[in-house]
Amino acid sequence: MTDNDVFRTLNQPKPWSGYNAFHSDPLLGDLTRNLARPLREEFDTIGRYVTSPEAQELAQMANASAPQLKTHGPAGERLDTVSFHPAWHALLRRSMASGLHSSLWEPPRDADSKSKAHKLRAVRLFLTAQLECGHLEPLSSTSASLAVLAATPQLRSEWAPKILSRKYDSTNRPQAQKTAATIGLAITEKQAGSDMRGLATKAVRVSEGVYRLSGHKWFVSAPMSDAFIMLADVDGKPGCFLVPRLLDEGRTNALRYQRLKDKLGLRSNAAAEVEFSDAFGFLLGAPDAGLRTVLDMLTLMRLDSAVMASGLMRAALAEAAHATRGRNVGGRALASQPLMMRVLADLALDVAAAGALCFRLAESFDRARDSAEEAAYARVMTPVAKYWTTKIAPAVVAEAMEAMGGNGFVEDRPIARHYRDAPGLAMHDGAGNMMALDLRRVVEHGSDLFEAVFQVIARDLGASGPKIVELLRAAMALCKSHESAARIFIEQLALAAGAAELYRLGAGRIADAFLETRLAAGWRSTYGMLDTRFDASYIVELLFPEMD
């Protein structure tokens, strides 16, 4: 009896493994159709890898074996190191080899790599997030760190060659002795939370560009990074610093690791609570410009969080669609039964719109330097995409898990990992209210940017564009008058922009269903309420085609 016969006999779906995440995604096919063949072959390789049994096993082991903190050595000496399961290193080695931390900053290999660097990286990140998101966090911060290192060219020239290296190096040595370096982020403080102005960490100038930092960081992501981007108070103003973990001679830079956070999800990556006194830090930018400096890094990381959330949703629903097709109830495949089909279709609309919106945002990053319209889109839509995709991800994954029944609620299947990881992406780099307030600041101080964005949305929505933009203007006015209405505006803007991009990509029937159910209908709090006017089976089969 073959494995397929066993699964049919037991009325159980085969494991979601061994499929190509790239070729099974029609949206990615449309987005990459005109790219050079080597790029499409690279995406094909990633797509096959992320669902392979070997990669899935690495992801499971890296999350089941939590990182371990070792504060002291046998002689009582301070070590302050974190050890990881070999699977973690294998995941990082593979993802660094594909350039997830470096491709934005490397010399372009061809015309596509030069003009579409953000979009191409978004495709790689979207696919890899379907495997495991925890190991992507240090790669996201490492990539984004080069934006803040640009504020101090001397530091950038010193660190960039190691940051751009694709040869993963996990050894515990100073960066000058390593083949590659990673950069972590340490800006959250115990008493301040997301308030980056409420800094208890103090920085005292030692010499030109060199400071001593003392304080406590509540969340230090990827604590075995070679350096961290930190904020510290400089004479009452926030400054931004690069703080190495080890000094040139190999001793620790006064960073004392107190404990590792016992996190709900993203468990493969460690997050530490760290105290320090007189740690050396190197100033990035002006002493009083820390918030402006670090914002360049956070903007890139917010795009990453949105892309990862979209990839994670795609993986969860692909697994659920596969599972419901492989299980019979009452003599028929579960996926073909009307109520289940409507749930899957309703979920698919959000997953498609989220992916389309993220790739459109990445495209605007590529074009922002040459187009005021695209620069406006990037500024306005970054908090919008980050807010909406990460906010809906937990609900999407939970509903997909429920579609699988009890089989989805076990750690044996990837969807359980996606469910635990989804909420963390919303909290990283600015939680929901921070994104809504960021958008409101643009409303108050740069409202002209919205006219450019509204023009893009209206153009892509076609006949319904003017009416939708009128709705958005009303929501913006309410947001300006009442801070508490910021979430209403940010969600409506996300929905309108997502629908607009689906229309631009030629997915008219999908866009029609998404636009009418999300912006023209009443409040919906659960999935499965798609009107019968929309062909649920068409939506599912188009967006999640059955794989052999």
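Fair warning: this is a prediction, and the values are worked out from it, not measured in the lab.
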For a quick test of your reading: what N or O donor-acceptor pairs under 3.5 Å do the side chains of residues 476-487 make, sequence neighbours left out?
residue : atom : partner : partner atom : Å
S481    : OG   : A477    : O            : 3.1
R487    : NE   : N433    : OD1          : 2.8
R487    : NH2  : N433    : OD1          : 3.0

Under 4.0 Å between a side-chain nitrogen and a carboxylate oxygen: does that hold for E444 and R441? no

Please find the pair of heavy atoms, one from L295 and one from R302, that lie closest to each other, and give the distance. CD1-NH1, 3.8 Å

What one should report as the nearest heavy-atom pair of L284 and L242 is CD1-N, 3.8 Å

Applying the ring pair (Phe, Tyr, Trp, His ring centres under 6.0 Å) criterion to F241, which one of F282, F228, Y211 satisfies it? Y211

For the CE atom of M313 and the CE atom of M308, what is their distance to the nearest 0.5 Å? 12.5 Å

Would you check if R267 and R417 make a side-chain contact, meaning some heavy-atom pair closer than 4.5 Å? no

Are any of the side-chain nitrogens in E42 or R109 under 4.0 Å away from the carboxylate oxygens of its partner? yes

Are side-chain N/O atoms of N172 and T81 paired as donor and acceptor at under 3.5 Å? no

Before you tell me yes or no, could you show the steps for L58 and W88 under side chain to side chain contact (heavy atoms under 4.5 Å, CB included), namely the whole-Å CA-CA distance, both residues' side-chain angles and the distance that decides it to 0.1 Å? CA-CA 7 Å; L58 288 175; W88 160 268; over 6 Å; no

With a cut-off of under 6.0 Å to the ring centre and 45° to the axis, is R94 in cation-pi contact with Y49? yes

Can you tell me which residue among R256, K217, H216 is in a side-chain hydrogen bond (donor to acceptor under 3.5 Å, both in side chains) with E273? H216

Short side-chain to backbone donor-acceptor contact, T128 and L125, under 3.5 Å: no

Euclidean distance, L312 CG relative to T389 OG1, rounded to 0.5 Å: 10.5 Å

Please check if the side chain of E189 supplies one atom and the backbone of A200 the other of a donor-acceptor pair under 3.5 Å. yes

Is the shortest heavy-atom distance from the side chain of F280 to the side chain of V243 under 4.5 Å? no

Using side-chain heavy atoms (C-beta onward) and a distance below 4.5 Å, is C133 in contact with L266? yes

Output field: ring centroids F126/F359 closer than 6.0 Å: yes

Does any non-hydrogen side-chain atom of F43 lie less than 4.5 Å from one of L28? no

Return the set of residues passing ring-ring contact (aromatic ring centres under 6.0 Å, His included) with Y168 (not counting sequence neighbours), or none when no residue passes. H89

Answer yes if the ring centres of F450 and F489 are under 6.0 angstrom apart, and no otherwise. yes

Separation between CG of L495 and CD1 of I392, rounded to the nearest 0.5 Å: 8.5 Å

In sequence, state the C-alpha distance, the side-chain angles, and the governing distance for N253 and F276, and then conclude on side chain to side chain contact (heavy atoms under 4.5 Å, CB included). CA-CA 8 Å; N253 187 17; F276 42 96; over 6 Å; no

Is the positively charged end of R360 above the ring of Y377, judged by distance under 6.0 angstrom from the centroid and angle within 45° of the axis? yes

Check: T299/D296 side-chain N/O donor and acceptor closer than 3.5 Å: no

Short side-chain to backbone donor-acceptor contact, T293 and A289, under 3.5 Å: yes

Is any side-chain N of the basic residue among R473 and E451 closer than 4.0 Å to the acidic one's carboxylate O? yes

Enter the distance from T188:OG1 to M427:CE here, rounded to the nearest 0.5 Å. 12.0 Å

If you compare all heavy atoms of A122 against all heavy atoms of A362, which two are closest, and at what distance to 0.1 Å? CB-CB, 3.9 Å

Could you tell me if the side chain of V384 sits less than 4.5 Å from the side chain of M435, heavy atoms only? no

Please find the pair of heavy atoms, one from A59 and one from L91, that lie closest to each other, and give the distance. CA-CD1, 4.2 Å

Decide side chain to side chain contact (heavy atoms under 4.5 Å, CB included) for K119 and L31; before the verdict, give the C-alpha distance in whole Å, the side-chain angles of both, and the deciding distance to 0.1 Å. CA-CA 9 Å; K119 183 176 178 180; L31 287 167; 4.2 Å; yes

Between H101 and T182, is any side-chain donor less than 3.5 angstrom from a side-chain acceptor? no

Does the side chain of I163 reach to within under 4.5 Å of the side chain of W105, using non-hydrogen atoms? no

Atom of L291, atom of P238 and distance for their closest heavy-atom approach: CG-CG, 3.7 Å

Treating S103 as the side-chain partner and L100 as the backbone partner, does any N or O pair qualify as donor plus acceptor under 3.5 Å? no

Closest contact, heavy atoms only, S102 versus R166: OG-NE, 3.7 Å

Is a side-chain donor or acceptor of S98 paired with a backbone partner of S95 at a separation under 3.5 angstrom? yes

If we ignore angles and hydrogens, is there a donor and acceptor under 3.5 Å between the side chains of N269 and S221? yes

Give the intermediate values and the outcome of side chain to side chain donor-acceptor pair (under 3.5 Å) for residues S305 and D429. CA-CA 8 Å; S305 291; D429 322 315; 2.9 Å; yes

Kindly indicate whether the side chain of V274, heavy atoms from C-beta on, has any atom under 4.5 Å from the side chain of Q258. no

Salt bridge or not for D226 and K178, using N-O below 4.0 Å? yes

Check whether any side-chain heavy atom of F22 lies under 4.5 Å from a side-chain heavy atom of T32, and answer yes or no. yes

Any salt bridge between D235 and R205, counting N to O under 4.0 Å? no

Dump the intermediate steps for side chain to side chain contact (heavy atoms under 4.5 Å, CB included) on S268 and K263, then the final yes or no. CA-CA 10 Å; S268 67; K263 297 180 296 176; over 6 Å; no

Between D366 and H118 (side chain of the first, backbone of the second, donor and acceptor by atom type, cut-off under 3.5 Å), is there such a pair? yes

